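Data first, discussion second: the structure below is written as structure tokens.
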Amino acid sequence: MMIFFAISWKMINFAADMDYTLNIRGRLLSLDEPRVMGILNVTPDSFYANSRAQTEDEIAVRANQIEGEGGSIIDIGACSTRPGSAPVDQQQEIQRLRVALEVVRRELPFSIVSVDTFRPDVARMAVEEYGVDIINDVGFRSDNPDGQTAMLRMVSRLGVPYVLMAAEPTLEETLLYFARQVQRLRDMGHKDVVLDPGFGFGKTMEQNYQLLAQMERLQVMDLPLLVGVSRKSMIYRQLNIDANEALNGTTALHAVALMKGASILRVHDVKEAVECVKLITPLCKGSE
């Protein structure tokens, strides 16, 4: 746990200092205090079984759990991105999402909903048919410029907040990637962008920790940061356990991420993440 205690208070760049907001259907969502995004996977093969919800009843239970435990955003994924998984085709992803979105919009009509997809047409369906509030894109790769351009054009047309993920291995490459893509989005007239450093994507174990250790430097982009480390292999492999045992390690890294400037935590365990935010917020504000 040395990574936690090694943090200098001089390096803290708490998200509340940055005064970020997101435009959610004409309402401003303040990120004055960090928000928790709860994961709802409508897939049979996501790496953490407790995040999966297959039936309508399971989807309703999970969505209500996320909101009941203090989650601000429900993030729905219908195509697993775990290492080694084979993506389902677009039609199956759309079919799964339609079922989930029908349930969530019926159960929690005023909730903020994000859809986790890398396909532009899936993003369009989710926003146009169900009023989805945020597109969380985990599909960007620097070797796929056509796919990048299509998604950038789509979210710019839809006008919803967009989570841009980087799969680059180093801080320097991540910054360059973000700078290029954010400029393209700005040129297309897009406004609300959230940056995801992509922990667990395109990085070795060491590179994941190096990036987290320097994450406050991403605030030079002057955009909110989303961090998704929940129960990932960078935790359970480091501790020689499995994902089911990785809650304690997840919470430790959540605390570090908040101190490094995270505005949104994308998590499996909402209650614990909300508690982490409640404890770290006054701690960081008290250091100012």
Side-chain angles (χ1 to χ4, degrees), residues 4 7-39 63 65-75 108-116 131-137 155 159-165 178 182 185-186 190-197 199 212 214-230 250-288:
F4 180 85
I7 294 176
S8 165
W9 290 110
K10 293 180 181 179
M11 297 300 291
I12 291 173
N13 288 268
F14 192 54
D17 299 337
M18 309 304 287
D19 195 28
Y20 297 126
T21 59
L22 296 177
N23 189 334
I24 305 293
R25 287 179 279 172
R27 295 180 295 124
L28 290 182
L29 175 68
S30 172
L31 302 180
D32 181 59
E33 291 188 1
R35 300 284 182 160
V36 172
M37 172 188 279
I39 299 168
Q65 179 188 26
I66 290 170
E67 184 157 291
E69 292 183 353
S72 299
I73 304 165
I74 300 171
D75 188 52
L108 300 164
F110 303 110
S111 62
I112 298 174
V113 177
S114 166
V115 159
D116 181 332
V132 160
D133 305 289
I134 300 168
I135 295 300
N136 180 17
D137 184 359
V155 295
V160 295
Y162 175 61
V163 181
L164 171 67
M165 192 195 80
F178 281 152
V182 170
L185 285 161
R186 297 301 190 222
H190 196 73
K191 295 181 180 178
D192 285 346
V193 182
V194 179
L195 304 179
D196 176 358
F199 293 105
L212 181 58
Q214 303 174 82
M215 197 182 77
E216 72 278 356
R217 292 175 59 188
L218 294 177
Q219 289 189 345
V220 71
M221 298 294 302
D222 196 25
L223 291 168
L225 300 176
L226 179 150
V227 169
V229 296
S230 181
T250 295
T251 301
L253 293 196
H254 280 163
V256 175
L258 291 169
M259 290 180 177
K260 295 284 185 174
S263 292
I264 302 172
L265 299 178
R266 182 178 180 271
V267 311
H268 299 94
D269 308 281
V270 173
K271 176 179 179 289
E272 291 79 1
V274 168
E275 289 176 350
C276 187
V277 170
K278 287 180 178 179
L279 292 173
I280 296 297
T281 298
L283 185 65
C284 291
K285 287 185 175 180
S287 71
E288 296 172 3

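The analysis underlying the following values was restricted to heavy atoms, covering all of them including side chains, and did not include hydrogens, waters or symmetry mates. Along the sequence shown, residues are numbered consecutively beginning with 1. Quick caveat: nothing in here was measured; it's all calculated off a predicted structure.
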### Query
Is it true that a side-chain atom of H254 and a backbone atom of V229 form a donor plus acceptor pair closer than 3.5 Å?
no

### Expected output: side-chain D269 to main-chain E272 donor-acceptor under 3.5 Å
no

### Message
Any side-chain to backbone donor/acceptor pair from T21 onto L29? Under 3.5 Å, distance only.
### Response
no

### Message
Evaluate V277 against L265 for side chain to side chain contact (heavy atoms under 4.5 Å, CB included), listing each step before the verdict.
### Response
CA-CA 9 Å; V277 170; L265 299 178; 4.1 Å; yes

#### Entry: Stepwise side chain to side chain contact (heavy atoms under 4.5 Å, CB included) test for I24 and I134
CA-CA 8 Å; I24 305 293; I134 300 168; 4.0 Å; yes

### Query
R27: what forms a side chain to side chain donor-acceptor pair (under 3.5 Å) with it, not counting sequence neighbours?
none

### Query
For the atom pair CZ (R266) and CE (M37), what is the distance rounded to the nearest 0.5 Å?
7.0 Å

### Task
Can you tell me which residue pairs pass the salt bridge (charged side-chain N to carboxylate O under 4.0 Å, His left out) test with a partner in residues 250-259, sequence neighbours excluded?
none

### Message
If you compare all heavy atoms of L223 against all heavy atoms of V193, which two are closest, and at what distance to 0.1 Å?
### Response
CD2-O, 3.6 Å

### Query
So which heavy atom on V113 is nearest to which on V132, and how close?
O-CG1, 3.5 Å

### Query
Side chain of H268, backbone of V270: donor and acceptor closer than 3.5 Å?
no

### Query
What closest approach, in Å, do S114 and N136 show between heavy atoms, and which atom pair accounts for it?
OG-CB, 3.4 Å

### Task
Look up atom CD1 in I66 and atom CD1 in I74, then write down how far apart they are to the nearest 0.5 Å.
5.5 Å

### Task
Give the intermediate values and the outcome of side chain to side chain contact (heavy atoms under 4.5 Å, CB included) for residues M215 and V227.
CA-CA 10 Å; M215 197 182 77; V227 169; 3.6 Å; yes

#### Entry: Minimum heavy-atom distance V274-G71, with the two atoms named
CG2-N, 4.3 Å

### Query
Are any side-chain N or O atoms of N23 and backbone N or O atoms of L28, one a donor and one an acceptor, separated by less than 3.5 Å?
no

#### Entry: Minimum heavy-atom distance between H190 and Y162, given as atom pair plus value
NE2-CB, 3.6 Å

### Message
Any side-chain to backbone donor/acceptor pair from E69 onto K271? Under 3.5 Å, distance only.
### Response
yes

### Summary
Heavy-atom closest pair (P34 atom, T281 atom, distance to 0.1 Å) is CD-OG1, 4.1 Å

## Note on the structure
To the nearest 0.5 Å, atom CD1 of I73 lies from atom CZ of R35 at 7.5 Å

### Rounded distance [0.5 Å steps], OH in Y20 versus CD in Q219
5.0 Å

### Message
If the test is side chain to side chain contact (heavy atoms under 4.5 Å, CB included), which one of V182, D137, V194, D196 qualifies with L164?
### Response
V182

## Note on the structure
To the nearest 0.5 Å, atom CG of L31 lies from atom OG of S263 at 5.0 Å

### Query
Under 3.5 Å, is there a donor-acceptor pair between the side chain of S111 and the main chain of L108?
yes

### Task
Quick one: pull up CG in L225 and CG in L218 and give me the separation to the nearest 0.5 Å.
5.5 Å

#### Entry: Stepwise side chain to side chain contact (heavy atoms under 4.5 Å, CB included) check, I112 with S72
CA-CA 7 Å; I112 298 174; S72 299; 5.6 Å; no

